[in-house]
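Down below is the structure, laid out as structure tokens.
Computed over heavy atoms, backbone and side chain alike; hydrogens, waters and symmetry mates excluded.
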Amino acid sequence: MAAGRTRAWDDDGFDDGVPFLARLEKEDRAALLAVGRHLRYPARRVLMHQEEPSTHVLLLLHGWTKVTAVAANGYEALLALRGPGDIIGEGAALSGRHRSATVTTLEPVEAVVMDETRFTAFLAGSPRVAMGLLSLTTDRQRATDRRRLEWAALTVRERLAVLLLELVRTHGHHTPDGIELTVGLSQQEFAGSVGSSREAVARLLKELRDRQVVVTQRRRIVVLRPDVLRRIVGEPST
């Protein structure tokens, strides 16, 4: 690993969204990482397929992934973005069920890959790591429940504004043109995240373009006026 590179779990200033590796004691983290092997993946590589049997678990070290699921009617939803310090594939490994979602890299990713059997055996012998995983699972479920409640009270326009503001905060890169989102999501993926159709999201993005709030290209969005997005969702501009 290159000298001087910072990792998510090296920072002590985490909030309730703290990733899995950051929840572990240093010695537990080192022991868990030693269970697997380091691999690198290119951008837009599918790491796990929905409905396939579980065989392994991934610990993300660098780079971001998207978690998507397709319903029976073909509707695809963006469920989450997972990045450095996160664990993916643990649900199927622990439940013995097929995978509930597809995981795809958004950029080059470095990860530790653990065989499912070795992962579950490690958890059985390490109560502190198992409790850390339980804490993560609980926090993720609470976040999902909170988002579902909040989403029910918002229009699609407000949901899209909230999502764009979240991406500005977590994946925004300041450029001379504005704040560029460093995760390339399609209109269908935006639609899946806000629970709407691709056509509706396309219309809303066009409206924001016409108002010079955002600039869009293929899988690229630059936010020019985050203050307008805040007004859409009723937040005070800063």
Task: Co-membership, hydrophobic cluster, residues L204 and V228, 4.5 Å side-chain - done: yes

TODO: Could you tell me whether R147 and E166 have a side-chain N and a carboxylate O separated by less than 4.0 Å?
DONE: yes

Task: Test log, rule salt bridge (charged side-chain N to carboxylate O under 4.0 Å, His left out), inputs R140 and E90 - done: CA-CA 13 Å; R140 283 181 177 177; E90 78 287 353; 3.1 Å; yes

Open item on the list: Looking at R220 and E180, is there a salt bridge between them, counting it only when a charged N and a carboxylate O are closer than 4.0 Å?
Closed with: yes

Open item on the list: Any donor-acceptor pair under 3.5 Å linking the side-chain atoms of E116 with those of T55?
Closed with: no

Open item on the list: Measuring from atom CZ of R225 to atom CG of L229, what distance do you get when rounded to the nearest 0.5 angstrom?
Closed with: 9.5 Å

Task: Nearest heavy-atom neighbours spanning A69 and L79 - done: CB-CD1, 3.8 Å

- [ ] Determine, using the 4.5 Å side-chain heavy-atom cutoff (strictly less than), whether L224 and L167 are members of one ILVMFWY cluster.
- [x] no

Task: Minimum side-chain heavy-atom gap H38-E110 below 4.5 Å - done: yes

TODO: Would you check if there is a donor-acceptor pair between the side chains of R44 and T104 at a distance under 3.5 Å?
DONE: no

- [ ] Start with the C-alpha distance between L47 and T65, add both sets of side-chain angles, then the distance that settles side chain to side chain contact (heavy atoms under 4.5 Å, CB included), and finish with yes or no.
- [x] CA-CA 9 Å; L47 304 181; T65 66; 4.1 Å; yes

Task: R209 atom CZ, over 12 foreign heavy atoms within 6.0 Å - done: yes

TODO: Write down the atom of L32, the atom of M114, and the distance for their closest heavy-atom approach.
DONE: CD1-SD, 3.6 Å

Open item on the list: The criterion is side chain to side chain donor-acceptor pair (under 3.5 Å); which residues satisfy it with R37, sequence neighbours excluded?
Closed with: none

Open item on the list: Please evaluate residues D139 and R23 with respect to the criterion salt bridge (charged side-chain N to carboxylate O under 4.0 Å, His left out), reporting the C-alpha separation (whole Å), side-chain torsions for both, the decisive distance (0.1 Å), and the verdict.
Closed with: CA-CA 12 Å; D139 285 350; R23 298 169 184 258; 3.1 Å; yes

Open item on the list: Between the side chains of E76 and R198, is the shortest nitrogen-to-carboxylate-oxygen separation below 4.0 Å, so that they form an ion pair?
Closed with: no

Open item on the list: Atom CD of residue position Q212 - does it have more than 12 heavy atoms of other residues, nucleotides or ligands inside 6.0 Å?
Closed with: no

Task: ILVMFWY cluster, V113 and M48 together (side-chain gap under 4.5 Å) - done: yes

Open item on the list: So which atom in P226 and which in I179 form the shortest heavy-atom distance, rounded to 0.1 Å?
Closed with: CG-CD1, 4.3 Å

Open item on the list: I232 and side-chain contact (heavy atoms from CB on, under 4.5 Å): which single residue from L208, L154, V213 fits?
Closed with: L208

Task: Straight-line distance of S193 OG to W151 CH2, nearest 0.5 Å - done: 6.5 Å

TODO: Give the cluster check for F190 versus V233: same hydrophobic cluster or not, with ILVMFWY residues linked at side-chain heavy-atom distances below 4.5 Å.
DONE: yes

Open item on the list: Do the side chains of R157 and E207 get close enough for a salt bridge, i.e. N-O under 4.0 angstrom?
Closed with: yes

- [ ] State whether R148 and D145 are salt-bridged, where the test is any N-O pair (Lys NZ or Arg NE/NH1/NH2 against Asp/Glu carboxylate O) under 4.0 Å.
- [x] yes

Open item on the list: Grouping I, L, V, M, F, W and Y whenever their side-chain heavy atoms are under 4.5 Å apart, do V109 and L39 come out in a common cluster?
Closed with: yes

